[in-house]
There are 4 protein chains.
Amino acid sequence: MEIAVERFAKYGYQNTKISDIVNDAGVAQGTFYWYFKSKEAIALEIIESGREALLTVIQRGYRTEAGSVQEMVQGSGRLLADIFRFAQEHRYFMELLLTGNGEEEAIRNAFRETRIEMEKSFRRNIERAVELGMLPKSTDIHIRAALLMSLIEGIIARWLFGPSPAESNLAELTVDELAAEAVHFEFFGLLGI
Amino acid sequence: MEIAVERFAKYGYQNTKISDIVNDAGVAQGTFYWYFKSKEAIALEIIESGREALLTVIQRGYRTEAGSVQEMVQGSGRLLADIFRFAQEHRYFMELLLTGNGEEEAIRNAFRETRIEMEKSFRRNIERAVELGMLPKSTDIHIRAALLMSLIEGIIARWLFGPSPAESNLAELTVDELAAEAVHFEFFGLLGI
Amino acid sequence: MEIAVERFAKYGYQNTKISDIVNDAGVAQGTFYWYFKSKEAIALEIIESGREALLTVIQRGYRTEAGSVQEMVQGSGRLLADIFRFAQEHRYFMELLLTGNGEEEAIRNAFRETRIEMEKSFRRNIERAVELGMLPKSTDIHIRAALLMSLIEGIIARWLFGPSPAESNLAELTVDELAAEAVHFEFFGLLGI
Amino acid sequence: MEIAVERFAKYGYQNTKISDIVNDAGVAQGTFYWYFKSKEAIALEIIESGREALLTVIQRGYRTEAGSVQEMVQGSGRLLADIFRFAQEHRYFMELLLTGNGEEEAIRNAFRETRIEMEKSFRRNIERAVELGMLPKSTDIHIRAALLMSLIEGIIARWLFGPSPAESNLAELTVDELAAEAVHFEFFGLLGI
DNA sequence: CATGAATGAGCCTTCATTCAT
DNA sequence: AATGAATGAAGGCTCATTCAT
């Protein structure tokens, strides 16, 4: 599965042949089919196991009780850092999740579901913060979750697998620096002090 | 090309057969090869023409002279609205640009280049605003451009082609409402008034 | 189709590769799939066209009006001779029809249906002869049709494609001699004069 | 072997996987190869053991001394009934013997040999009856044996495994009824009283 | 310009057989 | 005797591309 997820991410699902995977793995072609029903099956297994791990990380970051604005920003920073760290450790899965789109229907849907669940988690988090009086009630929560999710997806994508303008040093930031930048933008925008 | 871009976006580049395209177009298979050298060639042409149109829109929104914060926010809102409108009118191209990843090397690169150029445009815009004293100098400009680009990409993707949580009403927003939300977040973040 | 039916009969459906067929035909593998949807499809087409031709022959031999026993025997002899001649001219189709059994469900069924229709034709013929008072009413018509059909199938199989005891000269009989023997047995059995 | 013969008959030799057989048998795949050298080997063993049992039955029915026509008919009826009973008790073997044709060369030949031997037995029986003056000398003995064998094969095939016209009640006949019908046709044909 | 038949390399999957334990 | 994981050759089918007309 590790070999497969890497090749899927690097070259695309369709451009990855079973023979590539088994050659890398040093086993025979038939062996693949002893462990996986089909090419699609291994992709779905990859997604499923990645999905679980990712959602676990996000759910650990849930806000539960009220606090100061500073505490909220810190908490959000910790969550983002956790997610970024997860992305770093599962970069090929993350690349597929964030940029994959050429695959078969079933695989596309599995990725889509995962991202929807991810966004839902963020929405619940924002909802909770509004309930606790930590965030203004003003705007639609769906939109705020969508904006936040966009931020995270985009920043991870640029940080880990480009594309980024050649001169950018984004790729060299540490997890914590990145989280600090993102969380600052998240709460204060471009104008924030 | 219109038929091709739609199918590429809906089903993926690899899942689109030349025979699909020509059937839809009502011509014979051979005719395709009179107009395009290959499958890859039509994809690259699609990207090239989309790239030009998109960059034209963005460059029209360039900030040239200093102004108040309010003017800056308004200008940014107009630019976002223009981009969103372009996305609406070229939704299949935009879908490929923002979510495509399963394709061949050359095509992937062409999309990547386009997005890099797009991000460069935004960076120049921010740079100019800093020079004119309209934005604080504090943060790295590359990061701010990346954050802004992430925002725009994510919001368009959710607005036009999902995935979005089923209950979200994002898809029903008008161009101007969407631009207002995005620009507010861009400058003030979640905490902005 | 001619090449395919021959190979199917000689070596079996499953032992016949598409590559065998196209090599014999002197075309490329892909060309096969321009004319036939699949390996199964060509088999079904072979059966369908053989079925029509065979049933046409049988239906031409229908008894319509009463006559003497001798005329009945002669008519039956003519019908058998026609069938034998058909078998001779379509020996590979006939071999598949009479002995084929290792194929896929759909193909097996198509052959089965053809043989059922064939037997039905004979039954109608016998029924008619009973109505016209040319044959005794005594026995069950289904059984008589089954016995008759068995006779014809078995005799064709032995005549054209064995197995037959090596010393048998069955294979050397002409159509008319064979028909004479069969029709004699049909009406008079082993004891008949 | 019982499991194998059933699957071979029901689905065909080639459509039966070793894994099907061992799953049904509740043993591991490797175990199969401790008992049988190969897939072909088990088929040949099945044929060999069936062949012996079948020929034993037929040889028990041999005519040895002269008698009246009625005695001859009765003897023939007993033999047919024995064969039909055997077929009933070994229906899967019989199905393969009578209808199998898609298999590998060696297996096809083994079945062919068995049927040839079977037909030889009948021929010897008829020869003996002619020598004893119980049957007319007129016709070629090979042909009469072929006709008789055809009758038996066809009737068993229809009785036990179709195909038969849906309305036929052939399948519901008892062994003795079937033998009576067949033997009557054998000696007297359609016109026999 | 247009047609559509022909090409053939390539890939996923199956399954009989082997083998270390 | 028995297991079951591993093997790898083989084959049906797809589809981008070519080409004669």
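Lettering follows sequence order; numbering is per chain, from 1. Just so it is clear, the values below take in all heavy atoms, side chains as well, and ignore hydrogens, waters and symmetry mates.
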Rounded to the nearest angstrom, tell me the gap between atom [atom1] in [X] and atom [atom2] in [N].
X	N	atom1	atom2	value
E104(A)	dC11(E)	CD	C1'	13 Å
N15(A)	dC15(F)	CG	P	14 Å
Q14(C)	dT14(E)	CD	P	15 Å
E40(D)	dC15(E)	CD	C1'	16 Å
N23(D)	dG4(F)	CG	C1'	12 Å
F36(D)	dA2(F)	CZ	C1'	15 Å
W34(D)	dC19(E)	CH2	C1'	16 Å
K39(C)	dA10(F)	NZ	P	15 Å

Legend entry - Residue met sooner reading DNA chain F from 5', once T16(B) and G30(A) are mapped to nucleotides: G30(A)
Legend entry - Nearest-nucleotide comparison on DNA chain F, the residue closer to the 5′ end among T31(C) and K37(B): T31(C)
Inset, instruction - Assign the ring pair F111(B) / F93(B) to parallel, tilted or perpendicular, where the plane angle (0 to 90°) is split at 30° and 60°. - result: tilted
Inset, instruction - Indicate whether OP1 or OP2 belonging to dC15(F) is found under 4.0 Å from a side-chain N or O atom of S19(B). - result: no
Inset, instruction - Look at the side-chain N and O atoms of Y33(B) and state whether any lies under 4.0 Å from the OP1 or OP2 oxygen of dC19(F). - result: no
Inset, instruction - Check salt bridge (Lys or Arg N to Asp or Glu O under 4.0 Å) between K17(A) and all other residues, then give those that pass, not counting sequence neighbours. - result: none
Legend entry - Sugar-phosphate, base or nothing in reach of F32(A), heavy atoms under 4.0 Å: nothing
Inset, instruction - Could you tell me which non-hydrogen atom of K10(B) sits nearest to which non-hydrogen atom of R108(A), and how far apart they are? - result: O-NH2, 3.0 Å
Inset, instruction - Taking all heavy atoms of A53(D) and all of F86(D), pick out the closest pair and write down the distance. - result: CB-CE1, 3.6 Å
So if I take every side-chain heavy atom of [X] and compare against [options], which nucleotide ends up nearest?
X	options	result
I18(D)	dT17(E), dG8(E), dT13(E)	dT17(E)
Y35(B)	dG8(E), dT3(E), dC1(E)	dC1(E)
K17(B)	dA16(F), dG4(E), dT7(F)	dA16(F)

Legend entry - Spatial distance of atom OG1 (T114(B)) from atom CG (L96(B)) [nearest 0.5 Å]: 11.0 Å
Inset, instruction - Determine, for E95(A) against R91(A), whether the closest basic-nitrogen to carboxylate-oxygen distance falls under 4.0 angstrom. - result: yes
Legend entry - Dot-bracket pairing map - DNA chain F, Watson-Crick plus G-U, both contacts under 3.5 Å, | cross-strand: .||||||||||||||||||||
Inset, instruction - Could you tell me whether K39(B) sits above the aromatic face of Y13(B), with NZ or CZ closer than 6.0 angstrom to the six-membered ring centre and within 45 degrees of the axis? - result: yes
Legend entry - Check: Q29(D) side chain, dT17(E) base, donor-acceptor under 3.5 Å: yes
Legend entry - Along DNA chain E (nearest heavy atom to each residue), the more 5'-positioned of S38(D) and A28(B): A28(B)
Inset, instruction - For the residue pair Y11(A) and D20(A), establish whether any side-chain heavy-atom pair is separated by less than 4.5 Å. - result: no
